[in-house]
Trainee: 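Following this message is one structure expressed as structure tokens.
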There are 2 protein chains.
Amino acid sequence: MSRRTRSDNSIQGIPEATIARLPLYLRALYALADRDTACVSSEELATAAGVNSAKLRKDLSHLGSYGTRGVGYDVDYLIYQVSRELGLTQDWPVIIVGAGNLGRALANYGGFATRGFRVAAMIDSDPLIIGTSIGGHRVFGPDEIERVVTRFGVMIGAITAPATSAQSVCNRLVAAGVTSILNFAPVVLTVPDGVDVRKVDLSIELQILAFHAQRRSASKAHPTAEPPAVNGCEPPSVNGKRPVTQQVTRQAHDEVTAEAIGS
Amino acid sequence: MSRRTRSDNSIQGIPEATIARLPLYLRALYALADRDTACVSSEELATAAGVNSAKLRKDLSHLGSYGTRGVGYDVDYLIYQVSRELGLTQDWPVIIVGAGNLGRALANYGGFATRGFRVAAMIDSDPLIIGTSIGGHRVFGPDEIERVVTRFGVMIGAITAPATSAQSVCNRLVAAGVTSILNFAPVVLTVPDGVDVRKVDLSIELQILAFHAQRRSASKAHPTAEPPAVNGCEPPSVNGKRPVTQQVTRQAHDEVTAEAIGS
DNA sequence: GCGACTTTGTGCAAACGTTCACAAGGGCGT
DNA sequence: ACGCCCTTGTGAACGTTTGCACAAAGTCGC
Ligand SMILES: NC(=O)c1ccc[n+]([C@@H]2O[C@H](COP(=O)([O-])OP(=O)(O)OC[C@H]3O[C@@H](n4cnc5c(N)ncnc54)[C@H](O)[C@@H]3O)[C@@H](O)[C@H]2O)c1
Ligand SMILES: NC(=O)c1ccc[n+]([C@@H]2O[C@H](COP(=O)([O-])OP(=O)(O)OC[C@H]3O[C@@H](n4cnc5c(N)ncnc54)[C@H](O)[C@@H]3O)[C@@H](O)[C@H]2O)c1
């Protein structure tokens with residue numbers, strides 16, 4: 001279990017929360033540069049990025065003193081500095097595993113390449129898909145993962161395969177040398193130390209939205225009332241056979257729990 | 001600017017961080033239920049969900065005391081309680097605006113419906129797409145938004161339209177009565193108070209991965225050395241014409257900054 | 001050349017989140 | 001029936017993140 005992420009940040013000193021916002025600032029900066037804005041104040045940039053100006057200044061101060069007091073930040077200069085900090089002054093080849101609905105969408109996505117990310121190759125296990133081209137990228141079989149990763153020096157992989165194969169795909173990617181993984185499958189991936197996993201989970205986002213939506217409509221309906229006497233499951237008794245508590249209809253789902261791999 | 005999210009949580013008392021993890025627990029619980037596991041300890045469930053067991057217990061304690069000391073949690077009972085808390089005991093119709101690559105992928109996604117989320121309708125502005133069916137869902141024109149939202153009582157909308165139209169699409173959704181928005185466009189949306197926006201931003205995730213990947217390979221190459229003398233932009237001087245600081249080649253991009261809307 | 005004005009960069013405190021560690025509580029074996 | 005043992009639920013310590021408020025610093029007008 002890699003818990004090193006937290007301490008890694010402190011040894012160099014840039015908080016994770018700041019890192020997560022830098023791409024936001026970068027996007028706002030590019031938008032400003034497009035409008036030929038040469039210089040921007042923390043207030044303006046913060047508004048454009050949707051954050052507090054104090055937070056923005058503190059975030060940027062972690063990269064260095066790149067502003068001019070009384071004036072603001074030079075847009076092009078700041079774009080360069082933020083890009084450098086994020087490692088965007090180089091190109092990043094990305095391997096996409098799973099050429100289904102989502103994998104295709106990614107491969108066809110133009111915005112993918114706009115920040116130096118390039119699709120090195122697509123991988124799929126379906127013989128009918130292998131050999132075809134998607135978004136101008138040839139699809140290879142899973143056995144080519146090692147070769148592609150080595151050949152192009154791929155460090156970043158996106159997993160858009162079904163949840164059931166996500167962990168094994170992940171293992172193959174890591175074995176081949178990939179150290180950063182963007183996971184779209186609804187699974188908790190287990191990876192050795194030194195490998196970075198981020199997940200994009202649409203289902204979770206929707207559920208969070210549902211929670212807030214529920215709360216909103218509940219407080220609309222009963223401004224200050226108890227929740228309407230939930231008549232759901234009774235607390236189950238442990239001794240004896242378990243009572244019938246199947247009020248929630250079991251729904252189909254494709255999620256699996258990840259099997260641990262040797263760290 | 002809606003900053004009410006934070007304080008809303010405290011009035012009822014469930015931290016936002018906890019809410020964001022409940023779907024994770026729910027998924028792990030369903031996986032356990034599928035294996036006919038009747039009861040689970042916080043340790044096991046935490047491992048399955050990829051979190052610390054103390055954190056899991058504290059999270060669950062916010063919903064109530066649904067465990068049995070010395071034994072653990074009844075799986076079915078906990079599924080019910082978590083589902084109820086998240087508002088998943090009811091169905092949520094969702095409207096998808098933008099039937100392009102991503103919108104199609106969502107509409108075709110089976111896992112979409114597995115937690116009670118149903119595609120109420122798809123919307124697109126392209127006359128060639130309007131009237132066709134995607135994933136079994138008829139595509140309507142933007143003018144039908146109001147009707148669909150009212151008719152089906154839609155509270156949740158997903159924006160998979162281009163970044164340039166995302167804000168106007170958002171405005172129409174909000175005007176029609178949608179209060180929860182899942183935004184896939186690389187834009188900071190501005191919404192009135194009482195509307196909840198979550199974003200899924202692939203580009204940002206990749207950039208965060210790139211940062212860590214860069215750091216890793218840098219520390220591999222120069223274990224304890226200064227960064228290799230960046231010869232990038234000089235700090236620009238403010239007086240006079242700005243110097244040529246165009247070291248970073250300007251890249252194409254489709255991001256825009258959101259225009260403010262009323263309130 | 002100088003003073004006023006503007007905006008950055010940052011110390012500090014409060015809010016929030018995580019983790020530890022253990023008392024309280026309940027089942028189970030005898 | 002009783003005590004042992006296991007696991008929950010939670011108080012307290014710790015770390016992180018946010019936001020305020022202001023001194024430091026540089027520009028611009030005169
Ligand atoms: N489509 C969506 O909108 C969406 C939303 C959220 C999550 N997801 C998740 O993303 C993943 C992909 O979704 P999708 O809709 O594209 O599914 P899909 O079934 O359309 O595509 C999956 C592809 O992966 C390939 N594949 C299967 N096993 C493989 C393996 N071992 N190695 C390489 N390729 C393999 C299949 O041949 C198929 O082409 C799933 O895990 C899904 O749960 C999808
Ligand atoms: N495809 C991806 O993998 C991906 C990844 C990250 C982000 N995104 C973002 O998601 C959004 C959609 O991406 P995409 O690849 O599906 O783009 P796309 O061009 O394939 O699809 C966009 C669709 O939106 C429709 N549209 C345009 N204006 C509209 C309007 N005002 N109302 C309704 N529909 C409208 C278009 O007709 C088109 O069908 C974009 O903002 C993109 O930046 C996509």
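Values reported hereafter were calculated over all heavy atoms of this structure, with side chains retained and with hydrogens, waters and symmetry mates removed. To find a chain, count down the sequence lines: A is the first, B the second, and so on, and within it residues start at 1.
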Trainee: Check the phosphate of dT8(C) against S42(A), side-chain N and O only, distance under 4.0 Å to OP1 or OP2. Yes or no?
Mentor: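 Yes.
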Trainee: What is the distance, rounded to the nearest whole Å, between atom CZ of R57(B) and atom P of dT18(C)?
Mentor: 15 Å
Trainee: Will you find, in the side chains of Q207(A) and S203(A), an N or O donor that is under 3.5 Å from an N or O acceptor?
Mentor: yes
Trainee: Going by modelled atom types, is there a donor-acceptor pair between the base of dT7(D) and the side chain of R69(B) at under 3.5 Å?
Mentor: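 Flag unset: no donor-acceptor pair detected.
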Trainee: Which is more 5' along DNA chain D, the nucleotide nearest A54(B) or the one nearest A17(A)? Just name the residue.
Mentor: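 Upstream on the strand: A54(B).
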Trainee: From NE2 of H62(A) over to P of dG9(C), roughly how many Å is that when rounded to an integer?
Mentor: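 So the NE2-P distance, H62(A) to dG9(C), works out to 12 Å.
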Trainee: Within this structure, what is the CD-to-C1' distance between E16(A) and dT18(D), rounded to whole angstrom?
Mentor: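 From E16(A) CD to dT18(D) C1': 16 Å.
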Trainee: Nearest whole Å is fine: how far is dT7(D) P from E44(B) CD?
Mentor: 8 Å
Trainee: Nearest whole angstrom, please: distance from the P of dA21(C) to the NZ of K55(B).
Mentor: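 Taking atom P of dA21(C) as the reference, NZ of K55(B) is at 17 Å.
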Trainee: Are the side chain of E205(B) and the backbone of R198(A) linked by a donor-acceptor contact shorter than 3.5 Å?
Mentor: no
Trainee: Quickly work out the L45(B) CG to dG9(D) C1' distance and round it to whole Å.
Mentor: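 Rounded to whole Å, this separation is 15 Å.
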Trainee: Does a side-chain N or O of N52(A) approach OP1 or OP2 of dT17(D) to a distance below 4.0 Å, or not?
Mentor: no
Trainee: Whole angstroms only, please: what is the OH-P distance between Y73(A) and dT27(D)?
Mentor: 15 Å
Trainee: I'd like to know if K58(A) reaches the base of dG19(D) with its side chain, counting only an N/O donor and acceptor under 3.5 Å.
Mentor: yes
Trainee: Rounding to a whole Å, what distance do you find between L63(B):CG and dT10(D):C1'?
Mentor: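 From L63(B) CG to dT10(D) C1': 15 Å.
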Trainee: So Y66(A) and Y77(A), would you call those rings parallel, tilted or perpendicular, with 30° and 60° as cut-offs?
Mentor: perpendicular
Trainee: Please answer whether the main-chain N or O of E44(A) pairs with a side-chain N or O of S41(A) as donor and acceptor at a distance below 3.5 Å.
Mentor: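 Side chain of S41(A) to backbone of E44(A), a donor-acceptor pair under 3.5 Å: yes, one is there.
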